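Please read all numbers here as calculations on a predicted model, not as lab measurements. A note on names: the letters A, B, ... follow the listed sequences, proteins ahead of strands, and every chain is numbered from 1. Note: hydrogens, waters and symmetry copies are ignored here, and every other heavy atom, side chains too, is used.
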Amino acid sequence: MQSTNSNKQIWALIDCNNFYASCEKLFRPDLWGKPVVVLSNNDGCIIARSREAKALGIPMGEPAFKLKLLLEKHGVTIFSANFALYGDISSRIMNILESLCPKCEQYSIDEAFLQLDGAILPNLGGFCADLRKTIQQWTGITVSVGVGMTPTLAKLANHIAKKNPQFHGLYSLARKSTEIDSWLARIPVAEIWGMGKGHCKKLQANGISTALAMKNADDVWLKKNLTITGFCTALELRGITCQTTWENPDWKRKTILHSRSFGNRIHGFEELSEAVSTFTARCAERMRAMRLVAGGIWVRIRTSNFDSGYYANSGSASFLASTDDTAILIKKAKHILQNIYASGYPYAKAAVMFFDLAEKDKRQLSMFETTTEKSDNLMAALDRINQRYGKLTLRFGAMGLHVADWNMKQKRRSPGYTSDWNELAMVRWSCTPGKAGGLNCEPLKAAEYLGRLKAASSTD
DNA sequence: TCTGGGGTCCTAGGACCC
DNA sequence: TCTGGGGTCCTAGGACCC
C-alpha cells in the first residue's frame, strides 16, 4: 500500500525574518539594504540584526559598547528596542495567519504554528507561497515557512528554509522518511529546538552529534540524561507529536514578571522602594488586563555581576485572599523589600513577580471580605485613565512623583509609528502660499492633521 | 561609563507525615 | 538509645525558549 499523509495533521512554523530589525526598516525606506541592529533594554546588548548586519559578522547578544568600532566602521544604524511597535506589527501578522488557518497558535512575538490538514499536502507549495505573499503585501514583513509532521520537524524545516536561499523561504520535511533522514544527518544537534548548551555537551560526549543520531539514540539514555523533555524531542524527530500544550484547555499562565536593570545604580532605600512599587504597578496593570488575580508576590533585588561586592536577595509572601489591587500589592512588595534590603550596595536590578495566579471570576474571597467592588471600580478607573492619557498619568505616591534617575536608557528609540497619535508616521505636507509665489511646505504630524480635520468638521 | 527581559518545565533534596 | 520505609509537598536551581 502506498504510504500517505493525507489523513494526518501536519505542522507549519511561520517565522518572521530578522523581526525587530525588519519592523524598524518598515518606516525607514532610507535604510533598506543597509545594516541595522536593535539593542536590548537599557541599550545593553544586541538582540536583533538585519540580514546586512549578520553578513558583517556582528554577533547576537554581544554588549553594544564592545562592538562600537565595528558598528561605526560599517555605518550600522542602531535602534533602542521599541516593543510597542514590534508588538503591534506582530498582532497584525497573527491576525492574518488566524484568518488563513483556523488552527493557529502564536508561539512567540515573531513565530506561530499552524496545524494543517494532511489533505493540503498536494497543494502545500501554493498555500504557503500565498501565505508568504499576503503577509509581505499587507505588512511589509517577510516570513519563512517550515513544514513537518511534528512541531520539532517544522522548526527544522524552517531552519533549512532560512539557510538555503534556493528554497525561497519555504521548505517541507513532510516527505519520505529517507529524505528526512538525509537532512537530519546534516543538521548538528545544536540546531534542534530544545537542545541548548548543556544538553548538546552531553549528547556530543556520548557520540551523538547530528539530529539523525539523536533520533536513533537509546530511549533509556535519553530519559536519564536529557530528562523527559529531551526524550520527547527525540520522539518528535521520529514523527511522533508530543507537544500538547497548545491544545490543552487547562493551560493557564502561572506567573507575571516585571524585571529591569536600572539606567543608573540605586543606593538608597527610598529610591529602590519607588522602583519596586513601579514594577509592582506594571505587573498589576498587565494582570488586570488578563482578568487574573495574584495569590502571592515575590521581590528580588541585586547588584551587578560586573561590580565588586555582589549582593542579591529575594523574598516572597502570599495573600489570604488573591488580589489585583495595586495598593495592596505595593504594600506587600514594600514590606518584603524592607526584609531583603541591605544598605551600602549599588543596586543594578530589581524584579517583581506575581505567582499563584487565578481567574478573577473564580477566585476565593476571604472570610472577612465579601466584596471587592470598591477596589474593582477604583482599579478600573485607574486603568482607563492611564490607557487614555498615557502611562503614569495617575499613579500611587509610592511610585515617586518625578522622572526617576533609574529609568532605563533608550537613547535611540524609534517613534511609536503605529501606537501613538503624536508619533504616527507623517501622512502629508502642510503647504501655504509663499511670499514670492510658490508654496512653503512643512511636514504635518498625524495628530495635528487629525486636529485640523476635527476643527474643520465642527465649523461645518 | 556602558553587559536584556519574560516565560516554562524538570529534578533533586529537604521537611514532614504515618 | 535504637533510627525503617513509603509517601507527599515544597522550594531552589538548572536548563531551555524567544
Side-chain angles (χ1 to χ4, degrees), chain A residues 13-20 37-48 59-69 71 78-83 86-87 90 106-113 151-152 155 158-159 189-203 222-233 242-246 248 251-265 279 282-283 286-287 290 296 298 300 302-307 310 312-316 318 346 348-357 408-412:
Chain A
L13 175 69
I14 319 299
D15 187 330
C16 301
N17 296 353
N18 318 314
F19 185 56
Y20 296 168
V37 297
V38 178
L39 305 183
S40 61
N41 279 332
N42 264 320
D43 294 346
C45 298
I46 290 174
I47 55 165
M60 182 76 164
E62 195 72 0
F65 74 90
K66 285 190 179 174
L67 298 174
K68 199 164 174 257
L69 286 179
L71 295 170
I78 303 167
F79 288 96
S80 303
N82 183 350
F83 290 108
Y86 314 148
S90 168
Q106 181 169 358
Y107 172 65
S108 71
I109 194 165
D110 71 334
E111 283 173 81
F113 282 99
T152 301
K155 266 272 197 188
N158 194 290
H159 172 78
V189 282
E191 304 293 347
I192 302 169
W193 186 30
M195 292 305 109
K197 258 189 203 159
H199 286 357
C200 283
K201 211 172 158 188
K202 285 185 193 166
L203 284 163
L222 285 166
K223 275 188 215 165
K224 193 179 162 208
N225 291 280
L226 308 183
T227 78
I228 190 75
T229 47
F231 174 60
C232 284
T233 298
C242 295
Q243 183 60 258
T244 53
T245 322
W246 304 310
N248 183 358
W251 183 86
K252 287 188 196 101
R253 174 182 277 267
K254 298 187 172 65
T255 56
I256 292 175
L257 175 82
H258 188 91
S259 144
R260 284 281 180 282
S261 295
F262 305 129
N264 293 295
R265 302 279 188 268
F279 292 6
R282 296 248 164 92
C283 280
R286 283 169 56 207
M287 183 167 69
M290 295 180 229
W298 173 88
R300 175 181 160 92
R302 52 169 281 195
T303 59
S304 167
N305 278 328
F306 304 98
D307 289 350
Y310 183 75
N313 204 351
S314 64
S316 62
S318 293
K349 189 175 184 175
V352 171
M353 186 174 81
F354 294 171
F355 55 87
D356 286 347
L357 300 182
M408 61 184 179
K409 289 174 190 152
Q410 282 201 306
K411 286 189 184 154
R412 302 159 187 267

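- Following rounding to the nearest Å, A:Glu191 (CD) and C:dC16 (P) show an atom-to-atom distance of 14 Å.
- In this structure, A:Ile256 reaches the sugar-phosphate backbone alone: every heavy-atom distance under 4.0 Å involves primed, P, OP1 or OP2 atoms, never a base.
- Between A:His258 and the phosphate of B:dG6, there is a side-chain N or O to OP1/OP2 separation shorter than 4.0 Å.
- Within the 3.5 Å criterion, the main-chain N or O of A:Ile109 finds a donor-acceptor partner in the side chain of A:Ser90.
- Taking atom C1' in both B:dC16 and C:dG4, the straight-line distance is 16 Å, to the nearest Å.
- Between the side chain of A:Lys202 and the main chain of A:Asn225, a donor-acceptor pair closer than 3.5 Å is present.
- When the ring pair (Phe, Tyr, Trp, His ring centres under 6.0 Å) test is applied to A:Tyr310, no partner is found at least two apart in sequence or on another chain.
- Rounded to whole Å, the distance from OH on A:Tyr107 to P on B:dG6 is 17 Å.
- Residue A:Ser80 forms a side chain to side chain donor-acceptor pair (under 3.5 Å) with just one option from A:Asn41, A:Asp43, A:Asn42, and that option is A:Asp43.
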Test ring-ring contact (aromatic ring centres under 6.0 Å, His included) applied to A:Trp193 and A:Phe113, step by step
CA-CA 14 Å; A:Trp193 186 30; A:Phe113 282 99; 5.6 Å; yes
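- Aromatic ring pairs are classed by plane angle as parallel below 30°, tilted from 30° to 60° and perpendicular above 60°; the pair A:Tyr20 and A:Tyr86 is parallel.
- Along DNA chain B, the nucleotide closest to A:Lys223 and the one closest to A:Arg253 are compared, and the more 5′ of them pairs with A:Arg253.
- A straight line from OH of A:Tyr86 to C1' of B:dG5 spans 14 Å, rounded to a whole angstrom.
- One finds no side-chain N or O of A:Lys201 lying less than 4.0 angstrom from the OP1 or OP2 phosphate oxygen of C:dG14.
- With a cut-off of 3.5 Å on both Watson-Crick or G-U wobble distances, the partner of B:dC18 is given as C:dG5.
- Side-chain nitrogen and oxygen atoms of A:Lys254 include at least one within less than 4.0 Å of the OP1 or OP2 phosphate oxygen of B:dC9.
- Salt-bridge annotation for A:Lys254 and A:Asp356: absent, with no side-chain N of the basic residue lying under 4.0 Å from a carboxylate O of the acidic one.
- Within 4.0 Å (heavy atoms only), A:Glu62 reaches no atom of the nucleic acid at all.
- No engagement by A:Ile109 is indicated, since no non-hydrogen atom pair under 4.0 Å with the nucleic acid exists.
- The backbone N or O of A:Thr229 lies less than 3.5 Å from a partner atom in the side chain of A:Thr233, making a donor-acceptor pair.
- Between A:Asn82 atom CG and B:dG5 atom P there is a gap of 16 Å when expressed in whole angstrom units.
- For the pair A:Lys202 NZ and B:dT11 C1', the computed distance is 11 Å after rounding to whole Å.
- At the heavy-atom level, A:Lys155 lies under 4.0 Å from the strands shown only through sugar-phosphate atoms.
- Residue A:Met195 is classed as a sugar-phosphate contact, given heavy-atom separations below 4.0 Å to backbone atoms only.
- Counting to the nearest Å, the P atom of C:dC17 and the CG atom of A:Leu257 are 19 Å from each other.
- One interatomic measurement links the two molecules: CG of A:Leu67 to P of B:dT1, which rounds to 17 Å at whole-angstrom precision.
- In this entry the distance linking CG of A:Asn225 with P of B:dA12 reads 11 Å, nearest Å.
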With the criterion being N/O to N/O and under 3.5 Å, what pairs connect the protein with nucleotides 2-4 of chain B, and how long is each?
residue : atom : partner : partner atom : Å
B:dG4   : O4'  : A:Ser40 : OG           : 2.8

